[in-house]
Chemist: 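What follows is a structure written as structure tokens; I'll ask about it next.
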Amino acid sequence: ETGVTQTPRHLVMGMTNKKSLKCEQHLGHNAMYWYKQSAKKPLELMFVYSLEERVENNSVPSRFSPECPNSSHLFLHLHTLQPEDSALYLCASSLSDRGPAEQFFGPGTRLTVL
Amino acid sequence: ILNVEQSPQSLHVQEGDSTNFTCSFPSSNFYALHWYRWETAKSPEALFVMTLNGDEKKKGRISATLNTKEGYSYLYIKGSQPEDSATYLCAPYGGSQGNLIFGKGTKLSVKP
């Protein structure tokens, strides 16, 4: 048990749907992250939140919209996605957003966009 | 852009074999290097976080070394077991982006 949970674990959606991914951590961490893993590509950082403020946005399309209402919860709101957005979306948290802090990952949401 | 290379891409070994993988990264602006272990259908799990040149860390049969001057890290597994089968990811922290940049990983399969 890593202490980071994600729901749902699997999601199938059409291009016109709106859905949200949820991430929750009970580790007392101050930083939370969204990563994307597409087939045969490395993990790509999408967003970083530190103390509930977004500190990094890696040129992610606006159809992905993150929300961090408090230090324990992180959402990724999805709307008008494309089939190429199908991927595994991982959430992670760490004590801080500085380099030596190891990140704790959730199990991921496998997203399929039809 | 921080270019992270891991080799080999995949590795098949017999139970009891010892093995090692390589992670190469630009040595400029280095701050820290992370190693993660990712088993199929599970979450990536941190193995080591290394910051100092010459650092060597060990966890059971797994150890890692770091050379920040030449930009590489080795991960060693002594006496591989089937439960070591996983993808091993390295991720340096630093460079212009200041975040973890993951390599594609080395996929290890250990046959009983």
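Remember, it's a predicted structure, so these values are computed and weren't measured experimentally. To find a chain, count down the sequence lines: A is the first, B the second, and so on, and within it residues start at 1.
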Chemist: To check you understand the geometry: which heavy-atom pair defines the closest contact between B:Gly103 and A:Pro42, and what is its length?
Modeler: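 Looking at all heavy atoms of both residues, the closest pair is O-CB, 3.5 Å.
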
Chemist: One pair to check against side-chain contact (heavy atoms from CB on, under 4.5 Å): A:Tyr35 and B:Leu100. What are the steps and the verdict?
Modeler: CA-CA 11 Å; A:Tyr35 287 91; B:Leu100 286 184; 4.0 Å; yes

Chemist: Quick check: do B:Trp38 and A:Phe105 have side-chain heavy atoms less than 4.5 Å from each other?
Modeler: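 A side-chain contact under 4.5 Å is absent here.
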
Chemist: Where does B:Leu33 contact chain A at under 4.5 Å (heavy atoms): side chain, backbone, both or neither?
Modeler: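 Neither part, no heavy atoms under 4.5 Å.
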
Chemist: Same hydrophobic cluster for B:Trp35 and B:Leu108, using side-chain heavy-atom links shorter than 4.5 Å among ILVMFWY?
Modeler: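 Same cluster.
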
Chemist: Using a cut-off of 6.0 Å, state whether more than 12 heavy atoms not belonging to A:Lys19 lie near its atom NZ.
Modeler: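 For A:Lys19, atom NZ is not crowded (no more than 12 foreign heavy atoms under 6.0 Å).
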
Chemist: So do the side chains of A:Glu102 and B:Phe48 get within less than 4.5 Å of each other, counting heavy atoms only?
Modeler: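 In short, these two side chains do not touch, never coming nearer than 4.5 Å.
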
Chemist: Quick check: are there more than 12 heavy atoms from other residues, nucleotides or ligands sitting under 6.0 Å from CD of A:Glu84?
Modeler: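 Yes, enclosed.
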
Chemist: If you group Ile, Leu, Val, Met, Phe, Trp and Tyr by side-chain heavy-atom gaps below 4.5 Å, do B:Leu11 and B:Leu47 land in one group?
Modeler: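 Yes; B:Leu47 is reachable from B:Leu11 via cluster members.
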
Chemist: How many angstroms lie between CD in A:Gln103 and NE2 in B:His34, if you round to the nearest 0.5 Å?
Modeler: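 So the gap between those two atoms works out to 6.5 Å.
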
Chemist: Is B:Gln81 atom CD crowded by more than 12 heavy atoms from other residues, nucleotides or ligands, each under 6.0 Å away?
Modeler: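 Counting neighbours around CD of B:Gln81, more than 12 heavy atoms of other residues, nucleotides or ligands fall under 6.0 Å, so yes.
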
Chemist: State plainly whether one hydrophobic cluster holds both A:Tyr33 and A:Tyr49, where clusters connect Ile, Leu, Val, Met, Phe, Trp and Tyr through side-chain heavy atoms under 4.5 angstrom apart.
Modeler: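 No.
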
Chemist: Does the side chain of B:Pro44 come within less than 4.5 Å of A:Leu90's, by heavy atoms?
Modeler: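 A side-chain contact exists here, since the closest heavy-atom pair is under 4.5 Å.
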
Chemist: Hydrophobic clustering (ILVMFWY, side-chain heavy atoms < 4.5 Å, transitive) - are B:Val13 and B:Tyr88 grouped together?
Modeler: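 Result: yes, single cluster for both.
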
Chemist: Please examine the side chains of B:Phe102 and A:Leu45, heavy atoms only from C-beta on, and report whether any two atoms are closer than 4.5 Å.
Modeler: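 The answer is no, as the side chains (C-beta and beyond) never meet within the 4.5 Å cut-off.
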
Chemist: Measuring heavy-atom distances to chain B, does A:Ala101 have an atom under 4.5 Å in its side chain, in its backbone, in both, or in neither?
Modeler: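 Backbone only.
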
